[in-house]
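Notes to accompany the following structure.
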Amino acid sequence: MSTEAQSLSPTPPTTGELPKQYRPIEHEGRVWQQWIDAGAFHADPARVVRGEARPYCILIPPPNVTAALHLGHALNNTLQDVLVRAHRMMGFETLWMPGTDHAGIATQAVVEKRVWQEEKKRRTDFPREEFIAKIQAYKDEYEAVIIGQLKKMGCSCDWERQRFTMDSVCVRAVREAFFRLFRDGLIYRGKRLVNWDPVLQTAVADDECYDEDVDTSFWYLRYPLVRAHGATTEKERAQGKPPPDDAVPVTWSELASRGYPGAEHHEGEDQAWVTVATTRPETYLGDTAVAVNPRDPRAKALRGLSVELPLVGRVIPIVEDGYVVLPRSMARTEEEENDPKAEFATGFLKVTPAHDQNDYELGQRHGLAMVNMVSPDGRVSDKHGWSDVGDAHLFVGKKMAEARKLVVKEFEARGLLEAVKPYRHSVKHSDRSKAIIEPYLSDQWYVRVTDRRMAARANAALVPEQRTGSPERELGADCRDSVSAAGAPTESARACARGSLSDGSMRFYPARYAKTFEHWHDNIRDWCISRQLWWGHRIPVWTKAEQGDAATLNNAHSQWCNLRGPEDVAVRCFLDGREVAESDVLTGGTLTTHACLLRDDPRTAAAFESFGFVQDPDVLDTWFSSALWPMSTMGWPDPPLAAKETGIADMPALLPAYNPSSVLCTAREIITLWVSRMTMFNRYLLAGGSPSGLADSATSPAGGGGGCGPVPFRDVFIHAVIQDGEGRKMSKMLGNGVDPLDIIATHGADAMRFTLVHMTTQTQDVRLPVKKDANGKNTSEKFDLGRNFATKMWNAAKFAMEKLQSTGGTPVPPMPGGARTLPDRWMLSRLASGIEACNTALANYEFSEYAQTCYTLLWNDFCDWYLEAIKPTVANDAGQRAVLRAALDTILRLLHPVMPFVTEAIYEQFGRLPGAAVEGLTLEPARKQGLLATAGWPIAATTLKDPAAEAQFAKVAGLVTAIREVRAQHTVPFKRKITLHIAAADAQALGEGAALVTGLCNIERMDPNPPAAASVPITVEAREYRLSNLADVVDTDAEKTRLARKIEDLVKSQGTLEGRLANPGYALKAPAHMVQQTRDQLESVRAELAAARKAMEALEA
RNA sequence: GGGCGGGUAGCUCAACGGCCAGAGCACUCGCCUUACACGCGAGGGGUUCGGGGUUCGAAUCCCCGCCCGCCCA
C-alpha cells in the first residue's frame, strides 16, 4: 500500500482542457507522485534559522502500529493537513513531522494473541529477543499500512523525516530523559498498588481499564474477638517477631461490661465477634486490621481489642477510621443515609492494604502491615509476601474465584458466615485481556510528576487568560509579599498571582479544555512508568541488593563507584529503604543500589553485571517515549549524531527552528495522557534552552524561575470525536466503524476530507449515521456531500476553462481597474469577503466555517450566479475573462488545503492557461514545479470589497428569484421566452442588471408598457412588475393561491413589526439604527402588501 | 461524588442578546436548459427539551427540572 503501489495514470496532455468527468482514482496517484517528485512537502529549517521565513510546524500524533487507521485518524490528520497546506501556501516554512508509535501493551497483546492462534504458543515459550523480533515484524507490516493510508489521504508530511518511537534517534531521547530524571531524583522506585492484569501479568494504567457491572454478593463474615494480651505489637511482628500465641478470647459479657450496645443479646460466655461485609471474602487472607468508624457507638467498647482471622490465626488490631461507612441504621446525615453502601454496611471494614486502594490508604494512615497473598498469575500464594499461613494452606494455589468459594465454605462450616446478600457493582477490567483487574502490590518505577518542576510548570505553560487556578494555593514566591496579614490575598495579589501563575504561551482551542488540563495537574499523582512487558524501551537501570555489616557494604559500594564515568552513570543507594548519599558512611543493613546507564554501552553494563547487578526486566510506559515526541523527532539530545545516523543532514536545525511547534491537533482524552506529559518534559528537559538560542522568547526566560524550558506547542486544538448515528463510539466490537480507505475508493480522498472538515464544529462530538453499501461495507451518505462538491468544482473549472479557451489561447489583456462589469465587481467583492472569512476561520480552528465559506463561494456565488450571469458576455469580453480566470484561481487556492487532489488536477491544466493580473488580487505563482500545493495563498485588497455592487446585484437577484417563482408556479416551460413589463424608470434603475435579468430568466423582451393580454403581477421591493406571455392561458386559480399565500405572510410580518414598534420600551431603549431598520422594514412590507392586494383585486375583477 | 459538553426541521448541524431561526441531505413539484441529473429551478416542513426569571427584545443570559454523552475521582 506504499506510494509506489498507487495507481499512476500518465500526465495528461497539456491542452488546458479537462476530461468530461472527475474520477478520483484517475488522478490521486499521479498528483501525489508529482508532489513527492517536486519535494513539495519538504521543509528547510535552515531558512527559519537564517530568518528568511517564519516557521510553521505540526507534530503528528503518532498512530499506534497496532492496527490500520480508522475514521477518527482520518479526521485528525485531515485537519492537520488543512492547516499545514494552508500555511505552506501562506509562505510559512512548513514542517509536518510524521511518525508512528510502538504502543507497547496494545501491540504486544495483539501479537501474543496472533501467535497463540497460529502456533498455540505463549510469549514465554520464546526467548525474549525472539519474541520481540516477531513484534518488530508485525510493527513493520502495520507501519507500512498506516503510512500508506496517510499518503492515500493526501497528508503532506515531510516524509523524509519520518520517525518511530523505538528507532535509534528516539531511543537515545528516552535514555537521556530517563537518565536525567533519575539523576535529578524525579524517577524513583516505589512499592505501590497497581492495576494488575493477571492474564498479561503486567501492571496497566487506569486508561487501559474499563468498568463493567458485575453481579456478585456481599458476604458477611464473623471475625472472633480476642485480646492480644500485651504480646508483640503489629510493628514488631512486621519485623519478623512471631504473632502472639496467647491471644485470649473476648466474651460477650466482657463486651457488655465495656458498654458495647447489644452485647446483652448474646450468650454471655460465648466468644464475641464482629461482622465484616465484603465483596471479596478471599482477600481476608491479606487482612491486617478491622476498621470501625470512631462515631460508631460500638467503637469505644472495642478500643484496644483485636480479632483473630479464622484458619490463618493472625491476630490483627481494630482501628478507628472515619472512612468506614456507617450502617444505615446509624446514619446521622442525609448524605450518609443515601450512601448506597450504607445499606450493606455492618460498620466493620476488613482492611486489606495490599489488595485494595482504599485499604492501602487507610493502612498508610494507621501504619498497618501489608500482606500480599496473591501471585502474579492471580492465585493464592504463600510465596509473595506472607508467612503466617497457618491452616490457610488449603487455599494456596487456588485461583481467586475458587479461593472465594472455598473461603465462604470454610467460614460457613465454622458458623462464621452470617449472611450473603446479592449485590451489583462495577469492577475494573483490563482492556486488553478482559480479565478482572487485581489491585496488586509491587515494585514499580515512578516519575515524580507531583514535583513542582513537573505538574506546576505544565499549568504555568498556559497563557494567563486561560489560567483559572487558585492564586491562594499557587502563589509564587514573588507574590507572597502581597498577601495580606490575615493571609487572604488582596486583589492586586490575585492579579499578580495570575501573572506569576503563567509564564507560558500555550493556548487551548476551544478554551474550555484548559480547565481539563489544569484540573489534571492540580490532582495529579505520581506516574507509574514501568510495564511488565517485552515490547518497549527497556528500563536502563541495573540493580543490586545485598545485606551485610558496615565494612562489607562500604567495601562493595566503593567498588562500583569506580565503574562510573561521571556523566554516563547515575547511582542511587538505599540503605534499608532510605536513600543515602554517596559520601555517607554506611552502617550495616540491606543496601539496594540502582545504577542508571546513560548509554547503551555493553562494556559498562557487563562490568556492573560482573558485580551482580541485574538489569530491570521491565519496559517503560509507552507514553514516556510519546512525551518526548516534540524533542526526539528533532534529534534531541544529540542532533548532529542523529543527523549522521539518519542521513538527514539538517537535523540540527530542527529544534531551533521548530520547537515550540505551532499547534498540536488531538482528541480530548489525550489531554491528560499526552499533552500534559509533553508539556512537562519539554519544559523540564529543554530548560537549558534550544541549542542555537532561537528558543521561544515568550516562554523561556525570566518568568519560569530556575530556568523553565519552552512549551512544546503554542496552540492545542482539540477536535470532536466521531460517533455513529446513535451517538456510540465507533469500534471494532460494535462493527460500526467506517474504513477511510473504503470511502476513498468509492468517493475519493477529497470527498472524505471535505466532509470531515465540514463536520468539524466546536462541539465535542459529531455524529455520522453509518449504513452498509452494496458491497456490505460501512459507509455514510454524508460523504456524498464531499463527492458532489468535488464534482461541482471539476465541472465549474471545466466550463470556465472552455470559456477561457474560446479565445484560441491568446493571452487575455490586462484588466483595468475601472471598467468592470457588475457581475465582475460583485464576484471580486464576494471573493474578498470569502478570503477574509477563510483566514479568520483557519486562524481560529473553525474548520466547518472554512468549509462552508468555500462551499457557498464556489457553489452559490461562482456557479449559480456568476457563471450564469457572464455566460452571454464572457466570450466577447477579455476583461471579464481575466476576472473569471482570477476568480477560479482564487477558489482553487482556497479549496486546495481541504481538497488537494482535485484542485491540483485542475491546476495541472488550468495553470497553463494565459491570464492577466486583476488589480487588487494577489495570486503568487507556484514555487515548485508549477504545483498548486506550493502556490501562494490568495490576498485580496480591501478595495475589492464593493458594497454598491453587492447591493445592486442583490436587487437583480431578488427580481430574478421572483420571476422564477412565477414561472415555476405556472409551470412555464424553461424554453418559453416571456415578457417583462417594467416601468422605464425601474429599468433605468436596474442599469446593467437589466440584461442580467433578461438572461437569467429567459425573458424575450422588456416592455415599458402595461400588458395587453393576460398577465401576472409581481412585486419586488415594493416595485410592481408584470409578466406576460407566460402561456397560452394564465392559470388564475394558481395565481390566486400564490398571491393569497404571499398576502398571508406579509400580514403576519406586518403584525410582528407593528407590535415591535408599538412596544413603548423599544423605541426608547433599543439602538436607534435598530429602530430605524424596523421602521424601514414595516414601510416596505406595507407597500408590498398594498401591491399584492391590488394584484389580487385585479385578478378577481 | 466533582467537572465539562449537548438537547433547534425527518436526519446531520449552523445561528455566540437584534433580518420573518438558516444550510446540506431527505421530501414535494417542474426541468435530460449545449459545465455538471453527483445537476438546474421552485416549494413544503420548526411550541428551538419543560418550567420560571432578567431584558425594549431570549434558541442565545440566569435559576430549577428532565434526558443524552464524555472526563476525573
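Keep in mind that this is a model prediction, so the values were computed, not measured. Per chain, numbering begins at 1; letters A, B, ... match sequence-line order.
- For the residue pair A:Asn459 and A:Asp522, a side-chain donor N or O sits within less than 3.5 Å of a side-chain acceptor on the partner.
- A:Phe910 carries A:Arg885 over the face of its six-membered ring, with the cationic atom under 6.0 Å from the centre and within 45° of the normal.
- In this structure, the CZ atom of A:Phe974 is 12 Å from the C1' atom of B:C32, given to the nearest Å.
- Spacing of P atoms, B:G41 relative to B:A35, comes out at 14 Å, to the nearest Å.
- Of the P atoms belonging to B:C64 and B:G45, the separation is 38 Å, rounded to the nearest Å.
- Rounded to whole Å, atom P of B:C25 lies 12 Å from atom CZ of A:Phe754.
- Every residue meeting the side chain to side chain contact (heavy atoms under 4.5 Å, CB included) condition with A:Glu361, not counting sequence neighbours, appears here in chain and number order: A:Gln357, A:Arg365, A:Arg525.
- One C1' atom belongs to B:G50, the other to B:C67, and the distance between them is 11 Å to the nearest Å.
- Using a 4.0 Å heavy-atom criterion, one finds that A:Lys1052 contacts no nucleic acid atom at all.
- Using P as the reference atom, B:C71 and B:C11 are 26 Å apart when rounded to the nearest Å.
- With B:U33, B:C11, B:A14 as the choices, the nucleotide that has an atom nearest any side-chain atom of A:Pro769 turns out to be B:C11.
- Using a 4.0 Å heavy-atom criterion, one finds that A:Val766 contacts the sugar-phosphate atoms exclusively.
- Counting to the nearest Å, the P atom of B:A35 and the CG atom of A:Leu888 are 15 Å from each other.
- For A:His1073 and B:G18, the NE2 to C1' distance is 8 Å, given to the nearest whole Å.
- Relative to the side chain of A:Lys1069, the nucleotides B:C56, B:C20, B:C72 differ in distance, and B:C56 lies closest.
- Comparing B:U33, B:A35, B:G18 by their nearest atom to the side chain of A:Ala1070 picks out B:G18.
- For the pair A:Leu768 CG and B:C11 P, the computed distance is 16 Å after rounding to whole Å.
- Side-chain proximity of A:Thr971 to the nucleotides B:A35, B:C72, B:G30 is greatest for B:G30.
- With the nearest nucleotide of RNA chain B identified for both A:Val1085 and A:Lys798, A:Val1085 has the one nearer the 5' end.
- Residues that satisfy the salt bridge (charged side-chain N to carboxylate O under 4.0 Å, His left out) test with A:Glu669, not counting sequence neighbours, are absent from this structure.
- Of the inter-residue distances, the one linking A:Asn523 atom CG with A:Thr450 atom OG1 reads 12.5 Å to the nearest 0.5 angstrom.
- Aromatic pair A:Phe717/A:Phe847: ring centres closer than 6.0 Å.
- By the ring-ring contact (aromatic ring centres under 6.0 Å, His included) test, A:Tyr907 is found to be paired with no residue, residues two or more places apart in sequence or in another chain being considered.
- Taking CD1 of A:Ile1003 as the start and CG of A:Leu980 as the end, the distance is 4.5 Å to the nearest 0.5 Å.
- Among A:Phe517, A:Tyr845, A:Tyr513, the single residue meeting the ring-ring contact (aromatic ring centres under 6.0 Å, His included) criterion with A:Phe508 is A:Phe517.
- Base pairing of B:C40 is made with B:G30, judged by Watson-Crick or G-U wobble geometry with both donor-acceptor distances under 3.5 Å.
- Contacts of A:Asp526 classified as salt bridge (charged side-chain N to carboxylate O under 4.0 Å, His left out), with partners at least two apart in sequence or in another chain: none.
- Comparing the C1' positions of B:C16 and B:G5 gives an interatomic distance of 15 Å, to the nearest angstrom.
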Distances under 3.5 Å between protein N/O atoms and the N/O atoms of nucleotides 41-44 of chain B, please, pair by pair.
residue, atom, partner, partner atom, Å
B:G44, OP1, A:Arg1045, NE, 3.0
B:G44, OP1, A:Arg1045, NH2, 2.7

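- In this structure A:His719 satisfies the ring-ring contact (aromatic ring centres under 6.0 Å, His included) test with no other residue, sequence neighbours excluded.
- A gap of 14 Å separates the C1' atoms of B:C19 and B:G57, to the nearest Å.
- The nearest heavy atom of RNA chain B to A:Ser848 and to A:Trp520 marks one nucleotide each, and the one closer to the 5' end goes with A:Ser848.
- Within residues 1057-1067 of chain A, the residues having any heavy atom closer than 4.0 Å to RNA chain B are, in order of number, A:Leu1057, A:Arg1060, A:Asn1063, A:Gly1065, A:Tyr1066.
- In this structure a side-chain-to-backbone donor-acceptor pair under 3.5 Å is present from A:Arg677 to A:Leu673.
- Both tests do not hold together for A:Arg830 against A:Trp859: distance to the six-membered ring centre under 6.0 Å, angle to the ring axis within 45°.
- When heavy atoms are screened at a 4.0 angstrom cut-off, A:Glu846 is found touching no nucleic acid atom at all.
- A:Leu1000 has its CG atom 13 Å from the C1' atom of B:U33, to the nearest Å.
- With sequence neighbours excluded, the residues forming a side chain to side chain contact (heavy atoms under 4.5 Å, CB included) with A:Thr873 are A:Ile870, A:Gln880, listed by chain and number.
- Rounded to a whole angstrom, the distance from the C1' atom of B:G65 to that of B:C56 is 29 Å.
- Within the 4.0 Å cut-off from OP1 or OP2 of B:C20, not a single side-chain nitrogen or oxygen of A:Thr1056 is found.
- The distance from atom CD of A:Gln762 to atom C1' of B:A15 is 14 Å, rounded to the nearest whole Å.
- Judged by atom type and distance alone, A:Glu849 does not reach the base of B:A15 through any side-chain donor-acceptor pair under 3.5 Å.
- Rounded to an integer number of Å, the gap from OH of A:Tyr360 to C1' of B:A73 is 18 Å.
- Salt bridge absent: A:Lys515 and A:Glu518 never bring a charged side-chain N and a carboxylate O closer than 4.0 Å.
- Straight-line distance between the C1' atoms of B:C20 and B:A9: roughly 16 Å, to the nearest whole Å.
- In this structure A:His429 satisfies the ring-ring contact (aromatic ring centres under 6.0 Å, His included) test together with A:Tyr210, sequence neighbours excluded.
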Within the sub-3.5 Å range, which N or O atoms of nucleotides 67-70 of chain B have a protein N or O partner, and how far apart are they?
residue, atom, partner, partner atom, Å
B:G69, N2, A:Gln764, NE2, 2.7
B:C70, O2', A:Arg668, NE, 3.2

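- When the side chain to side chain contact (heavy atoms under 4.5 Å, CB included) test is applied to A:Lys977, the partners found at least two apart in sequence or on another chain are A:Asn1002, A:Glu1004.
- Of the candidates B:A35, B:C4, B:C13, B:A35 carries the atom nearest the A:Glu802 side chain, counting heavy atoms from C-beta on.
- The residue A:Lys771 sits apart from the nucleic acid: no heavy atom pair falls under 4.0 Å.
- Contacts with RNA chain B (heavy atom under 4.0 Å) in residues 780-795 of chain A: A:Lys782, A:Leu785, A:Arg787, A:Asn788, A:Thr791, A:Lys792, A:Asn795, listed by number.
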